[in-house]
Structures are given as C-alpha cells and as structure tokens.
Amino acid sequence: MALHAKQKTKKFAAMKRMISLKDNRIKEKDRAKAKEKKKKDPAALKEREVTKYPSCLFFQYNTQLGPPYHVLVDTNFINFSIKAKLDIVQSMMDCLYAKCVPCITDCVMAEIEKLGMKYRVALRIAKDPRFERLPCTHKGTYADDCLVQRVTQHKCYILATVDRDLKRRVRKIPGVPIMYISSHRYNIERMPDDYGAPRV
C-alpha cells in the first residue's frame, strides 16, 4: 500500500524537463534566441474600421432631401392608393406641402405588368406622364431589393410603401423617410421637423 502511494505521488510530481540551449541535439538555427516582440508604440494611431456614412447625412438631417421631393413608389402603394381612392400626386403634395415627383423603377413596373389584368388600373397609373421612370441596371427584377439598393446608394428619395418587410429593411438605413397610407391619407415617418413634416 505504501509503495503504491509512493508511485502515485511520483507520478504527480513528474515535471517536463526543458532541454538547455547548449544541448547537442538542438540544431544551429534553433539555438538562436527568439526575437523580442516589438513593443507597441502608445503614441501610434490605432486603425479601426468605421462604417462609412454618406456626407449628405448631418446628424439626423439628410441635406439632399428637399422640395421637389422624389418619392419612390412600390407596387403595393399604388394598389392601396387605388383602394383608398387617393390621387397619388395630389395626396403626396397634401402630405408634404410641397411639389412631389413620384418615381417608379423598371423593376416595380415589371412587377405590375406580371400581375396581369387584375392590376391594369395600377399599370395605367404607373404609366402616368407625371411619374418619373428610373431605369435599372442591375440583374434580376425583385422590386424590394431594387428599392432598398436605390435608397441606400442615393439619399435623395422618400420611399412610399405599405409593405411591412420593406419598411423594416428601410428603417435600418439612416436618412430615408418612409411614406405610408393610414386612415385614407398619406403619412410620413422619419422626416426631420425642419422639412415641414406634418404632425399626425
């Protein structure tokens, strides 16, 4: 029993032995001492990656926004405006108290055309000469992605939509106001007070 205990303690007391640098088993190149690490200079500037925001954003203000307002319209917004019997251009002006230019992208136009005869009224409204047509250069015709990409790149637009998912995505982009329909009129959210945002 005593012998077993002795062996046990020996097992735990065993230590790793380090080979000395003078040992002849060590190769010449390994004999050189490890290079000292460079000490960090506290005066040196630390580089960090900062998310780039467009220069047009000054605090919560987007300096590129101003009358005449360019309003990007999506398919649902046109459909709900028809159901609520709202004239798009007139209602936008009533909401913002300024001239508004509704803009429609090729992707949204293609989406309305795909929906067929049921949405022919929406298509006729979309082809109104007061609407500004924006050509798309990207691949694919998924309208939501197209609109998000456009408002991210160009901060001069207000986005008009009633689509919850699209609204959620656009809220993450700073400086883009959202126009929506509630109680048979257009309302706007995230519009700075200086730009005459209506009090609801």
Using the test side chain to side chain contact (heavy atoms under 4.5 Å, CB included), find all partners of [X] that sit at least two apart in sequence or belong to another chain.
{"X": "Arg133", "answer": "Ile104, Asp106, Met109"}
{"X": "Thr105", "answer": "Leu72, Cys107, Val108, Leu134, Cys136, Cys146, Leu147, Arg150"}
{"X": "Lys167", "answer": "Thr161, Arg171, Ile178, Tyr180"}

When rounded to the nearest 0.5 angstrom, what is the spacing between [atom1] in [X] and [atom2] in [Y]?
{"X": "Met92", "Y": "Ile188", "atom1": "CE", "atom2": "CD1", "result": "9.0 Å"}
{"X": "Thr152", "Y": "Gln149", "atom1": "OG1", "atom2": "CD", "result": "7.5 Å"}
{"X": "Ile173", "Y": "Gln153", "atom1": "CD1", "atom2": "CD", "result": "10.5 Å"}
{"X": "Arg120", "Y": "Ile112", "atom1": "CZ", "atom2": "CD1", "result": "14.5 Å"}
{"X": "Glu189", "Y": "Ser182", "atom1": "CD", "atom2": "OG", "result": "10.0 Å"}

_Test side chain to side chain contact (heavy atoms under 4.5 Å, CB included) on His70 and Cys103; report intermediate values, then the result._
CA-CA 6 Å; His70 287 78; Cys103 303; 3.9 Å; yes
By the definition salt bridge (Lys or Arg N to Asp or Glu O under 4.0 Å), identify the one residue from Asp163, Asp74, Asp145 that meets it with Arg169.
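Between Arg169 and the candidates, salt bridge (Lys or Arg N to Asp or Glu O under 4.0 Å) is satisfied uniquely by Asp145.
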| If every non-hydrogen atom of Ile181 is compared with every non-hydrogen atom of Val162, which pair is closest and at what distance? |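 Distance-wise, the nearest heavy atoms are N-CG1, 3.9 Å.
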TODO: Compare all side-chain heavy atoms of Leu159 with those of Leu166 and state whether any distance is below 4.5 angstrom.
DONE: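 Leu159 reaches Leu166 side chain to side chain.
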Do Cys95 and Arg185 come within less than 4.5 Å of each other through their side chains, counting heavy atoms only?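 A side-chain contact under 4.5 Å is absent here.
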Is there a side chain to side chain contact (heavy atoms under 4.5 Å, CB included) between Ile78 and Tyr119? Walk through the geometry before answering. CA-CA 10 Å; Ile78 297 172; Tyr119 293 88; over 6 Å; no
Show me the side-chain donor-acceptor pairs of residues 82-91 shorter than 3.5 Å, one per line, residues at least two apart or across chains.
from	atom 1	to	atom 2	distance (Å)
Asp87	OD2	Gln90	N	2.9
Gln90	NE2	Asp94	OD1	3.2
Ser91	OG	Asp87	O	2.8

How would you list all residue pairs meeting ring-ring contact (aromatic ring centres under 6.0 Å, His included) that involve residues 72-93, not counting sequence neighbours?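 Applying ring-ring contact (aromatic ring centres under 6.0 Å, His included) to every pair that reaches into residues 72-93, excluding sequence neighbours, yields Phe77-Tyr186.
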### Message
Is there a continuous path of hydrophobic side-chain contacts, each under 4.5 Å between heavy atoms, that joins Val101 to Tyr157?
### Response
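Result: no, two separate clusters.
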* Asked: Mind checking what makes side chain to side chain donor-acceptor pair (under 3.5 Å) contact with Arg168, not counting sequence neighbours?
  ->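 Side chain to side chain donor-acceptor pair (under 3.5 Å) check on Arg168 returns Asp165.
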